[in-house]
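What follows is a short report on a single structure.
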Amino acid sequence: MEIISILWNQIILNPMQNSLVVLYALMGRNFGITIVVFTVLVRLATLPLTLKQIRSTKKMSDLQPRLKAIQTRYGKDRARVSQETMKLYKEMGVNPIGCLGPMVIQFPIWIGLYISITSLLPTSPERLAGLSSHLYSWLTLAHQVVPLNSRFLWLDLAVPDPTPIMAVLTGLSTWVMQKMSTPMVADPRQASTNKMLLWMMPFMFAFFTLQLPSGLPLYWTISNVIGVVIQQRITGWGDLFPLFPSRAKTVPAPATALGVSPQSDTPHPDTEETSDEKVGTRGDQRQNGRRSNRGRPQRARRRARGSHH
Amino acid sequence: MKRTFPLLLVGFTLLALFLTGCTGGQFVAASGWSGIAIGEGAGLVYVGARSGRVLALDGRTGVQRAIYPPLDRDPLKGLYGTPALSGGVLFVPGYDGRLYALDAADLSERWRYPNDASHLGEIVGGVTVAKGLVLFGSSDGYVRALRASNGLPEWEFKTGKKVWSAPAVDGEMAYVTSLNHKLYALNLLTGLPVWRAPFEADGAIVTTPLVDQGKVFFGSLDRHVYAVDTGTGMETWRFEGDGWFWSSLISDGQRLYAATTRGMLYALDINAGRSVWTFNLQHPVLSTPVLVEGNVVIGSDGGQLHVLAAENGAQASSPFNLGEKAQVQAPLATDGQVVYVNAMDRRVWAIRLARGRTEKLWEATTQTSGKE
């Protein structure tokens, strides 16, 4: 356990705390702005992973019709379904758990930031005293600015926001981020899970916000806002604004390479949508593939279901 | 995504446990490191326990004689500042932002301030009693003076940032340090600033100032010990150490003794501010040492008491082991012969020093069976 503690301190906690202190000194000794800049820097550092995640999610969405086709074709032969699925992933260069990268990275950042906030601001004398061993001895500036000023706008960043504002902001930004990034899936069970996550995540974050020093929810909110901007630049608004649908609404027709008939795995788009798809670029198709069923008129969906029977 | 959901669930559960303090509260709860006040003739010693209660222990045996609050009432939020005894009254600074005045004989409450449901900022430093006034600082950035007899406010002075040290009194002057890097000289009776401007160090200050030979000495988190002229408020000298000076300084008239959070104890020439000798305790020092029979007695997070010759820093005896978990963070106390230690493992020790040898008189637990 001691080695884990040493590694944690040396690799994550100490660099984070010292960076925050230096940023604080550079940002006019305002810890709120420090957290905002820190969030931007973390987002920049993890941008390659974020882009990879978004692309991976897109690819997964694009593959949904073909995955559905595999499931339909091989039915209860789960071994074969699994084999064909993996084959398809390999063929298309998709890593099914590739989307986990940024999320896995976020956990230690959250925990490190939480500890940093409670030490640097500080919430108890012990926390401040314990900070001494985490600041680099050669970083004279760091020893001169601690403990940091915790006031930012209406917030005391060392304690939970007494108003519901941060909880609402965190919950709302999480919901928007979740709504935009949730891939469209053909599997109804998975769709149901996604739907649950869409609501569960914002509520969980909002609940945490009510319990935790408001510095951490500030990080979450800013991080979500940046995430929304990145997501919008790459995939558009997704399902966020039904008022502004993209040009094409269809799921790309499943490839026939597997020998699966397109009619057998995905709902059929109506004629107009098909002609749209024909004139669209491949990029358009991929981009809009993720909206699939949700953006399609109810009538077309019913018709498509009928084609399965 | 199928694999994402359970992973998310596990991750969030762990995160919730960690962040909301379900891991034993080690990341959230305050507990305290109050020191010990010694009664007349060491008949009773008073300790602020980590359980949030004040205990009166028999000075000769360690047997508990009285407790506050009584076990059928909730404990205080925490106790960091060392209680002060004066005129048969024990003044207890509470982390709940209240100052309690207790009868020293049975620990019954005489008064508290504020005496309603309100509270001040958390009180982390100790209290100082002088000329019928009780002085203390709090985390709301104020230093206050109350009448010791009835707890009525006499004056208050705003520093603007947390005050985690006890004021020091010398004649008509009170010296106050603050986390805002400043040292203030105030008129004891009025609370008005005496210097044209407070002295400003490079870092935050949590040590109680020490007044000796016309100078105020204090350590800072900027890793310096400062000497400031009491008349002018100007710096006389400063000394750079290897870590934060968290524990307060002590003096024997010739040398200052100052320890750092990196475990180094410095003996400094009080006039010139240069190092006379050093001793490395290997563990962080938060506790304020004491002087006994020409020795510096000091504890650290290592759970040991070191007895060092004040003259040259040589070990007068082998370290006294309190136990691995018995970190010493509270200030030590002494009646000139016996050293009292309130260790972080909830035990109080009475250790006699005789001719450089250490001998345990008694140890007592501060664990109580009431609501904690």
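Lettering of chains follows the sequences in order, A, B, ..., and the numbering in each one begins at 1.
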Which portion of A:L131 sits near chain B, non-hydrogen atoms under 4.5 angstrom: both

In plain terms, say whether B:D202 and B:R238 are close enough for a salt bridge, that is, a side-chain N and a carboxylate O under 4.0 Å apart. yes

Under 4.5 Å from any heavy atom of chain A - which part of B:H181: side chain

Show your reasoning for whether ring pair (Phe, Tyr, Trp, His ring centres under 6.0 Å) applies to A:W220 and A:Y114. CA-CA 12 Å; A:W220 288 337; A:Y114 171 75; 9.8 Å; no

Which atoms of B:L221 are under 4.5 Å from chain A, going by heavy atoms: the side chain, the backbone, both sets, or neither? both

Hey, is B:E122 close enough to B:K77 for a salt bridge, meaning N to O under 4.0 Å? yes

Do the side chain of B:S178 and the main chain of B:V163 share a donor and acceptor less than 3.5 angstrom apart? no

Flag if over 12 foreign heavy atoms under 6.0 Å of NE2, B:H283: yes

Is chain B contacted by the side chain of A:T140, its backbone, both, or neither, given a heavy-atom distance below 4.5 Å? both

By a 4.5 Å heavy-atom criterion (distance strictly below it), what part of A:P122 contacts chain B: side chain, backbone, both, or neither? both

